[in-house]
Amino acid sequence: DTLGDWGPTNLQKETLGGATILVTTPHAYLPPYHYKRNELGEVLFEPGEEYWNKSIPFEGAMVEYLDKLQILAEGDFDVEWTFGSRSSLLIHPANSYTAIVQDVQDGLVDMALGPIWVTGERLRMSTYTVPFFDDPTLLIAPAPGKATLFMECSKVFAPFETGAWVMIALVIVITAILSTWFSGEFGRRLKTAQRSSGMPDRRIKPTTRLGCFIWGRLVTDSFLRMGTYFASAGIEQDNGASLPTKLLLFGFATFTLVVVSAYVANMAAFLTRDVNQYVGTIEAATKKGWKICALSWRRDELLRVWPDTHWVFTSPGDWHALIDELAAGNCKAIVDGEASLDFKNMLCEKGLVITKSVILDNPVAWPIRTDYAAGLSYWIYEAEKTHGITLDSLMEKYERKLEQPKCNVRDEGDADVDEDEKILAINLLLPGFVFAACAIVAISLQIFSKSKKAPKFRSMVGRSSMIGHVQLHTANDRSDDVIAQDIPANDDRGQLSEVYSKIEADTVKRRMGL
């Protein structure tokens, strides 16, 4: 032989040396990866006695892929198909994929073909080929429902949690009460009511019905005023206010600045997002304290990666056990990997979807006898690099041929928010309702206060308030002539002034020579 006879090409073709590899699949069918057909030619999803019958060939994307590797190798290896042992299923009743890895470890077969995860336990049992892809374990949760009108309206509250809204309301109420107290207006109104009662020597206590009414009206006015300032991101400016009032309003202004800025910054994103009572991530499910069912053989990995999640591990079984646990109310969601057609159809019936939330991510490879691992891995690499033969391309071909599930079980999830997405009118429905309600109530009160049927009610809701024969006006509500007529009561600070009964007002005029 010459040196040329031992070139790279000949060396490549001798990686396995013409070995015959004894191959089988797990005692489970997972179209389009691997499966068998019944006597009617129908694709089977659950193995039966035909699994042990070597005269019925295995089919699927991975089976064809191995055939292509064998053709590419040009006699470097042959394939002989067999079946797994029954004893390994007794050793690993919870998972037929781990059972077939046990057969490779025991030397009963040379290689197992299928979408077999490389886990820590299995890696200690056998060597593997190069990985084909990563197969994620995903969260399977109740499908998102349709957004109701209430849900659309409640978007305006979404930027803050309930506790934050309660805090905002408390700050406004506290500011209103303290500003009323600091202004001293309550005491002035009590004195006015006492003077006009005809018994100036009788002191009206704040705890009386009249005192409570005055206090309630003042606090209500202050609350509405502070609420208006807060909603408009403004603050009351009063140069004549006392130092305590200015300090209070400074703190309120700081609080308003931070809260309104944070609210406005997030509002557009919350208004345009799809809102439904849907938990689509393992993080959200963990935060809500959901019980999540998983197969018991995944316990160690799941507890290591997600220790804070409330897991419910099923007894030995497959996806049927997960569905049974869910139906029994023992959990609100489940986790599993690649789903068969039967499993997907069951998800459709139960109203579940496979989310995009990755729980675990395991590489998929074939467990193989140690002295064959490098050789077959070489042909896998050579097939893709030199000939463009990939498992993914075969998968697409088989998936088109197979029956499709009854519904789309894949959750599309929230797509990336479009920066140019417009805010819809329905997103502004709640603030629109609030405005309309306030406008209607205000119009009704204004019309009623102007009617002749409610002279006492008139000043209670208008810009003045009457208690008995006494009117309480703001200086800004009256003309300069009227203010001049009330010099004894005007405090020159725009605060509420006292105007006596008509007889007392006439007395004031006479004293001033008017």
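Only heavy atoms go into these numbers, but all of them, side chains included; no hydrogens, no water, no symmetry mates.
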Quiz item: How close do Ser96 and Ala28 get, heavy atom to heavy atom, and via which atoms?
Solution: OG-CB, 3.6 Å
Self-check item: Within 6.0 Å of CH2 in Trp181, more than 12 heavy atoms from elsewhere
Solution: no
Quiz item: Is there a donor-acceptor pair under 3.5 Å between the side chain of Lys54 and the backbone N or O of Phe83?
Solution: no
Practice problem: Run the salt-bridge test on Arg298 and Glu301 with the 4.0 Å N-O cut-off and return the result as yes or no. | Solution: yes
Quiz item: Between Thr24 (side chain) and Thr82 (backbone), is there a donor-acceptor pair under 3.5 Å?
Solution: yes
Practice problem: Report yes if some heavy atom in the side chain of Ile140 is under 4.5 Å from a heavy atom in the side chain of Val335; otherwise report no. | Solution: no
Quiz item: Hey, is the main chain of Ile359 close enough, under 3.5 Å, to the side chain of Trp306 for a donor-acceptor pair?
Solution: yes
Quiz prompt | Full working for side chain to side chain donor-acceptor pair (under 3.5 Å) between Asp106 and Gln102 | solution = CA-CA 6 Å; Asp106 295 340; Gln102 180 73 52; 3.1 Å; yes
Quiz item: Which heavy-atom pair separates Ala61 from Leu394 by the least distance, and what is that distance?
Solution: O-CD1, 3.8 Å
Self-check item: Separation of Ile100 CD1 from Gln105 CD (nearest 0.5 Å)
Solution: 12.5 Å
Quiz item: Ignoring hydrogens and geometry, is there a side-chain-to-backbone donor-acceptor pair from Thr256 to Phe230 under 3.5 Å?
Solution: no
Quiz item: Okay, side chain of Asp135, backbone of Val364: is any donor-acceptor separation there less than 3.5 Å?
Solution: no
Quiz item: Could you give the distance from CZ (Phe255) to CD1 (Ile172), rounded to the nearest 0.5 Å?
Solution: 7.5 Å
Practice problem: Apply side-chain contact (heavy atoms from CB on, under 4.5 Å) to the pair Leu89 and His27, showing each step before the final yes or no. | Solution: CA-CA 8 Å; Leu89 293 174; His27 187 254; 3.9 Å; yes
Self-check item: Modelled atom types, side-chain donor and acceptor of Ser377 and Thr129, under 3.5 Å
Solution: no
Quiz item: Do other residues, nucleotides or ligands put more than 12 heavy atoms under 6.0 Å from the CZ atom of Phe250?
Solution: no
Exercise. Show your reasoning for whether ring pair (Phe, Tyr, Trp, His ring centres under 6.0 Å) applies to Tyr33 and Tyr398.
Key: CA-CA 8 Å; Tyr33 293 103; Tyr398 276 82; over 10 Å; no
Exercise. Apply side-chain contact (heavy atoms from CB on, under 4.5 Å) to the pair Leu139 and Thr281, showing each step before the final yes or no.
Key: CA-CA 7 Å; Leu139 176 70; Thr281 65; 5.6 Å; no
Quiz item: Can you tell if the side chain of Val43 reaches within under 4.5 Å of the side chain of Tyr29, non-hydrogen atoms only?
Solution: no
Quiz item: Got a donor-acceptor contact below 3.5 angstrom from the Asp110 side chain to the Arg369 backbone?
Solution: no
Quiz item: Taking Tyr51 for the side chain and Gly84 for the main chain, is one N or O donor matched with an acceptor at less than 3.5 Å?
Solution: yes
Self-check item: Contact check, side chains of Pro31 and Phe45, non-hydrogen atoms, under 4.5 Å
Solution: yes
Quiz item: Sub-3.5 Å donor-acceptor pair from the side chain of Glu384 to the main-chain atoms of Leu391, do we have one?
Solution: no
Self-check item: Residue pair Pro136 / Val358: nearest heavy atoms and the distance that separates them
Solution: CB-CG1, 4.0 Å
Quiz item: Donor-acceptor pair, Asn345 side chain versus Lys406 backbone, under 3.5 Å?
Solution: yes
Practice problem: Considering only NZ, NE, NH1 and NH2 on the basic side and carboxylate oxygens on the acidic side, decide whether Arg37 and Glu59 come within less than 4.0 Å. | Solution: yes
Quiz item: Which pair of heavy atoms, one from Gly280 and one from Ser357, lies closest together, and at what distance?
Solution: O-CB, 3.4 Å
Exercise. Verify whether the ring centers belonging to Phe313 and Trp297 lie closer than 6.0 Å.
Key: no
Quiz prompt | Nearest heavy atoms of Pro32 and Met395, plus distance in Å | solution = CG-CE, 3.6 Å
Quiz item: Are Leu302 and Leu360 close enough, and set up right, to give a side-chain contact (heavy atoms from CB on, under 4.5 Å), and what steps lead you there?
Solution: CA-CA 8 Å; Leu302 291 173; Leu360 298 173; 3.7 Å; yes
Self-check item: Contact check, side chains of Trp165 and Ile168, non-hydrogen atoms, under 4.5 Å
Solution: yes
Quiz item: Under a 4.5 Å cut-off applied to non-hydrogen side-chain atoms, are Ser261 and Val259 in contact?
Solution: no
Practice problem: Examine the side chains of Thr286 and Thr309 and answer whether a donor and an acceptor come within less than 3.5 Å of each other. | Solution: yes
Self-check item: Ser87 and Ser85: side chain donor to acceptor below 3.5 Å
Solution: yes
Practice problem: Report yes if the side chains of His34 and Leu113 come closer than 4.5 Å at any heavy-atom pair, otherwise no. | Solution: yes
Self-check item: Donor on one side chain, acceptor on other, Tyr35 and Glu46, under 3.5 Å
Solution: no
Exercise. May I ask you to test the Val101-Glu121 pair for a side-chain heavy-atom distance under 4.5 Å?
Key: no
Exercise. Measure the CG-CD distance between Asn330 and Glu325 for me, rounded to the nearest 0.5 Å.
Key: 4.5 Å
Practice problem: Could you grab the distance from atom CG of Leu326 to atom NZ of Lys350, nearest 0.5 Å is fine? | Solution: 8.0 Å
Quiz item: Just checking, any donor-acceptor pair under 3.5 angstrom between side chains of Asp392 and Thr390?
Solution: no
Exercise. Write down the atom of Trp379, the atom of Leu72, and the distance for their closest heavy-atom approach.
Key: CZ3-O, 3.9 Å
Self-check item: Within 6.0 Å of NZ in Lys401, more than 12 heavy atoms from elsewhere
Solution: yes
Quiz prompt | Phe58 six-ring centre to Lys36 NZ/CZ under 6.0 Å and within 45° of normal | solution = yes
Quiz item: Between the main-chain N or O of Ile368 and the side-chain N or O of Thr127, is there a donor-acceptor pair closer than 3.5 Å?
Solution: yes
Quiz item: Rounded to the nearest 0.5 Å, what separation is found between the CD1 atom of Ile116 and the OG atom of Ser126?
Solution: 9.0 Å
Exercise. Determine, using ring centers only, whether Tyr97 and Trp117 are less than 6.0 Å apart.
Key: no
Practice problem: Rounded to the nearest 0.5 Å, what's the gap from CD1 on Ile323 to CD on Glu349? Could you check? | Solution: 9.5 Å
Practice problem: Determine, using ring centers only, whether Phe77 and Tyr372 are less than 6.0 Å apart. | Solution: no
Quiz item: How far apart are the C-alpha atoms of Lys287 and Val279, what are their side-chain angles, what is the distance that settles it, and do they pass the side-chain contact (heavy atoms from CB on, under 4.5 Å) test?
Solution: CA-CA 10 Å; Lys287 185 176 181 180; Val279 176; over 6 Å; no
Quiz prompt | Close side-chain approach of Ile292 and Lys332, heavy atoms under 4.5 Å | solution = no
